[in-house]
Novice: 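Handing you a structure now.
Owing to the predicted nature of the structure, the values given are computational and were not obtained by experimental measurement.
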Amino acid sequence: AFFRQAAAGLHAAGALRLHWLKGRDRAIASKCNFVAGEGSYAFKIGFVEEYARFSPGVQLEVDNIRRFHAEPELAWMDSCADPDHPMIDHLWKDRRSIHSWWIPLNRWGATSMAFYPWAASMRKGLRGPAGGKGEKS
């Protein structure tokens, strides 16, 4: 329900880009991008597992890059992919890393920052391994 509402709002604002790779009778890959100002976010891509050997997600991503370059009002696109993603790193040659820096402004901030790595590792351990069964990205 959340995604449908967000997509409807983005569509109404002209900020939603949906792309499909179609087979004979159905879509075998689909992709959703969001536009914000002069940038775009490659939000999600999925494909039908039975066509995996033909790499429909890769084919659609190549088309996505071509479409991005055809929109002169867009200056950049964020892949929204994990670092060192094998498919994205292969196709997106000009990737940039984005880093966050935390700078404590007082001793309480320094104390809370000292516990952050431990809390993050605990949270990761509670969630289990990434990429649960049946998910496609």
Novice: Using the side chain to side chain contact (heavy atoms under 4.5 Å, CB included) criterion, which residues pair with Leu10? Sequence neighbours excluded.
Specialist: Ala15, Leu16, Phe34
Novice: Nearest 0.5 angstrom please: Asn33 CG to Ser40 OG, how far?
Specialist: 4.5 Å
Novice: Who are the side-chain hydrogen bond (donor to acceptor under 3.5 Å, both in side chains) partners of Gln59, not counting sequence neighbours?
Specialist: none
Novice: Identify the two heavy atoms, one from Gly57 and one from Ala29, that lie closest to each other, and give their separation to 0.1 Å.
Specialist: N-CB, 4.3 Å
Novice: Rounded to the nearest 0.5 Å, how far does OG of Ser79 lie from CZ of Phe43?
Specialist: 13.5 Å
Novice: Are Phe3 and Trp20 grouped together when hydrophobic residues (ILVMFWY) are joined by side-chain heavy atoms under 4.5 angstrom apart?
Specialist: yes
Novice: May I ask you to test the Lys31-Leu21 pair for a side-chain heavy-atom distance under 4.5 Å?
Specialist: no
Novice: Check side chain to side chain contact (heavy atoms under 4.5 Å, CB included) between Ala52 and all other residues, then give those that pass, not counting sequence neighbours.
Specialist: Phe47, Glu49
Novice: How many angstroms lie between atom CD of Glu61 and atom CG of Leu91, to the nearest 0.5 angstrom?
Specialist: 6.5 Å
Novice: Please list every donor-acceptor pair under 3.5 Å in which a side-chain atom of residues 69-78 meets a protein atom from a residue at least two apart or in another chain.
Specialist:
residue: Glu71; atom: OE1; partner: Arg17; partner atom: NH2; Å: 3.0
residue: Glu71; atom: OE2; partner: Arg17; partner atom: NE; Å: 3.4
residue: Asp78; atom: OD1; partner: Cys80; partner atom: N; Å: 2.8

Novice: Quick one: salt bridge (Lys or Arg N to Asp or Glu O under 4.0 Å) partners of Glu50, sequence neighbours excluded?
Specialist: Arg26
Novice: Please round to the nearest 0.5 Å and tell me the distance separating atom CG of Leu60 and atom CD1 of Ile28.
Specialist: 9.5 Å
Novice: With salt bridge (Lys or Arg N to Asp or Glu O under 4.0 Å) as the rule and sequence neighbours excluded, what pairs involving residues 108-122 come up?
Specialist: none
Novice: Would you mind listing every side chain to side chain donor-acceptor pair (under 3.5 Å) that reaches into residues 1-15, with sequence neighbours excluded?
Specialist: none
Novice: Test of understanding: with side-chain hydrogen bond (donor to acceptor under 3.5 Å, both in side chains), list the residues that count as partners of Arg66, not counting sequence neighbours.
Specialist: Asp63
